[in-house]
Amino acid sequence: MEFSANQIASLAGGFVEGNGDVIINSFAKIEEGHPGAISFLANPKYAHFIYDTKSSAVIVSKDFKPEKELSTTLIRVEDPYSTVAHLLEMVDKMINQPKKGIEQPCHISHTAKVADNVYIGAFAYIGDGVKIAEGCQIYPQAYIGDGVKIGKNTIVYAGVKIYKGCVVGENCILHSGVVIGADGFGFAPTENGYDKIPQLGNVVIEDDVEIGANTTIDRAMMGSTRIKKGVKLDNLIQIAHNCEVGERTVMAAQVGVAGSTKIGRNCMLGGQVGLAGHITVGDDAHVAAQSGTQKDIPAGARLFGSPAMDLIEYGRQTINIKRLPKLQAKVDLLEKQLKELADKLNNEK
């Protein structure tokens, strides 16, 4: 597919500065540009690449001010990053048409209700009483357990396992290796070891949720583990039983959330954040990578460290830690001077 810079600007709601007739047929990072490619500049630390890029066009903000002459065409928009995301989405829909039909061999229970306009890949397993709505794509070797419900236009990639009784909403994406509804980690200590506590609840995933590869979400002991609308989870995340993740919250890779923790709306958890069980994270809280906490996090908090603390306080402590060698040297000097002074006073007596 080919588009002119003028056409792209029209789609993006921006305007062209330079040759609007230049033809674009691919995307490239600004530092790896080549003729026919379009790049974008959103992070100022990459600004120096724009003067040497070989890309035919670069999407920039409307207030970008070049410091020297450019050889590329500029497409000025309000937000370069969101504009590129929108363009990529448009192209993806053009070139990646949804699959349709039922491949063989696969197993579909005679009690399952599968809409006509779906795709089910080879070696998929669809259990008793499953309901799969129109537009869904179930890729090869997926396991859909008894009684599972999957909403419209949801994509279940190869190797996903959804245990019995779980619910997945509309327009969700579950990447390969995701496990939904495995037993929560519930055991009662006894004299002879640990007795398993039956996990009789399920997992409910609401609409527009995306779950990264090899992420696991455990079923509730009773009730539901709930992932609310618009949540985005990265790869290799663990959500334990009876947790709740609020609308539009995002988590980076390797986050671990222990049982019965409630996370609010619009929260951001960086990579490898650890949250203890039975705590509450307020709306709009941000927790930086590798932080951990065992207590509630208030709404709007900005935390860093393990145990996690206020970001400003963490910065102060970090500065003081860097000063410790000099402070220690001063303390040693003061102690030496005090000892010399004490010895002098004792000698004068």
Side-chain angles (χ1 to χ4, degrees), residues 98 106-121 124-139 141-186 197-234 237-251 257 259-265:
C106 67
H107 172 81
I108 301 176
S109 168
H110 69 279
T111 62
K113 295 182 179 179
V114 179
D116 293 334
N117 186 28
V118 301
Y119 164 70
I120 298 178
Y125 180 97
I126 311 298
D128 294 340
V130 169
K131 294 181 180 179
I132 300 177
E134 62 185 45
C136 287
Q137 298 179 69
I138 312 298
Y139 278 75
Q141 297 183 331
Y143 170 84
I144 313 298
D146 296 346
V148 168
K149 298 178 182 178
I150 302 178
K152 295 179 181 179
N153 302 315
T154 283
I155 301 173
V156 177
Y157 279 110
V160 169
K161 308 295 187 289
I162 306 177
Y163 283 39
K164 64 182 179 180
C166 293
V167 178
V168 181
E170 298 181 359
N171 304 309
C172 293
I173 301 174
L174 278 57
H175 288 279
S176 291
V178 164
V179 177
I180 304 297
D183 282 354
F185 193 65
I197 301 173
Q199 306 292 293
L200 302 181
N202 71 344
V203 175
V204 175
I205 297 171
E206 297 185 3
D207 299 343
D208 304 313
V209 171
E210 182 161 352
I211 303 176
N214 295 316
T215 284
T216 58
I217 302 174
D218 290 346
R219 70 193 311 109
M221 182 178 71
M222 56 185 70
S224 298
T225 301
R226 188 172 295 271
I227 310 298
K228 293 193 173 182
K229 185 175 181 178
V231 167
K232 310 299 181 187
L233 303 179
D234 199 358
I237 288 172
Q238 158 67 10
I239 308 292
H241 60 183
N242 288 99
C243 286
E244 181 178 295
V245 180
E247 294 180 2
R248 298 180 300 279
T249 282
V250 296
M251 300 183 190
V257 184
S260 298
T261 284
K262 310 299 181 187
I263 300 172
R265 295 175 297 171

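Given the structure is predicted, the values throughout are model-derived calculations rather than measurements. Only this structure's heavy atoms are used, side chains among them; waters, hydrogens and symmetry mates stay out.
Side-chain contact between Ile197 and Met221: present, with at least one pair of heavy atoms (C-beta onward) separated by less than 4.5 Å. Residues Val156 and Val168 have side chains not in contact (no heavy-atom distance under 4.5 Å, counting atoms from C-beta outward). Between Ile211 and Ile227, every side-chain heavy-atom pair lies at or beyond the 4.5 Å cut-off. No side-chain heavy atom of His175 sits less than 4.5 Å from a side-chain heavy atom of Thr215. In this structure the side chain of Ile138 never reaches within 4.5 angstrom of the side chain of Val114, judged on heavy atoms. Within the 4.5 Å cutoff, side-chain heavy atoms of Val245 are placed close to those of Met251. Residues Glu170 and Asn153 are not in side-chain contact: their nearest non-hydrogen atoms beyond the backbone lie 4.5 Å or more apart. Contact check for Thr225 versus Ile217: side-chain heavy atoms found under the 4.5 Å cut-off.
Of all non-hydrogen atoms in Ala115 and Val118, the two that sit nearest each other are O-CG2, 3.3 Å. Heavy atoms only, all atoms of each residue included: Tyr125 and His107 are closest at CE1-CD2, 3.3 Å. Minimum interatomic distance between Ala124 and Ile120 (heavy atoms only, all atoms of both residues): CB-CG2, 3.8 Å. Nearest approach of Val179 to Tyr163, heavy atoms of both residues: CG1-CE1, 3.9 Å. Taking both residues in full, the closest heavy atoms of Ala240 and Gly259 are given as CB-N, 3.4 Å, listed atom of the first, atom of the second, then distance. Minimum heavy-atom separation, Gly151 to Cys136: O-SG, 2.9 Å.
Rounding to the nearest 0.5 Å places CD1 of Ile150 at 13.0 Å from NZ of Lys131. We find the CD-CD1 distance between Glu210 and Ile173 to be 4.0 Å, quoted to the nearest 0.5 Å. The distance from the OG1 atom of Thr261 to the NE2 atom of His241 is 9.5 Å, given to the nearest 0.5 Å. In this structure, SG in Cys106 is found 4.0 Å from CD1 in Ile108, a value given to the nearest 0.5 Å. From Cys243, atom SG reaches atom NZ of Lys262 across 7.0 Å, with rounding to the nearest 0.5 Å. Between the NZ atom in Lys232 and the CD1 atom in Ile237 there is a gap of 13.0 Å [rounded to 0.5 Å].
Residues satisfying the side-chain hydrogen bond (donor to acceptor under 3.5 Å, both in side chains) criterion with Asn171, sequence neighbours excluded, are absent altogether. Residues satisfying the salt bridge (Lys or Arg N to Asp or Glu O under 4.0 Å) test with Lys228, not counting sequence neighbours, are Glu244. Contacts of Tyr139 classified as ring-ring contact (aromatic ring centres under 6.0 Å, His included), with partners at least two apart in sequence or in another chain: Tyr119, Tyr157.
With hydrogens and angles disregarded, a donor-acceptor distance shorter than 3.5 Å links the side chain of Thr154 to the backbone of Gly169. No donor-acceptor distance shorter than 3.5 angstrom exists from the side chain of Arg219 to the backbone of Cys166, with no hydrogens or angles considered. Without hydrogens or angle criteria, Asn202 side chain to Val167 main chain gives no donor-acceptor distance under 3.5 Å. A donor-acceptor pair under 3.5 Å links the side-chain atoms of Lys161 to the main chain of Gly159, judged by distance alone. For the pair Ser224 (side chain) and Arg226 (backbone), a donor-acceptor distance under 3.5 Å is absent. Here the side chain of Asp183 pairs no donor or acceptor atom with the backbone of Pro198 at under 3.5 angstrom. Judged by distance alone, the side chain of Thr111 and the main-chain N or O of Asp128 form no donor-acceptor pair under 3.5 Å.
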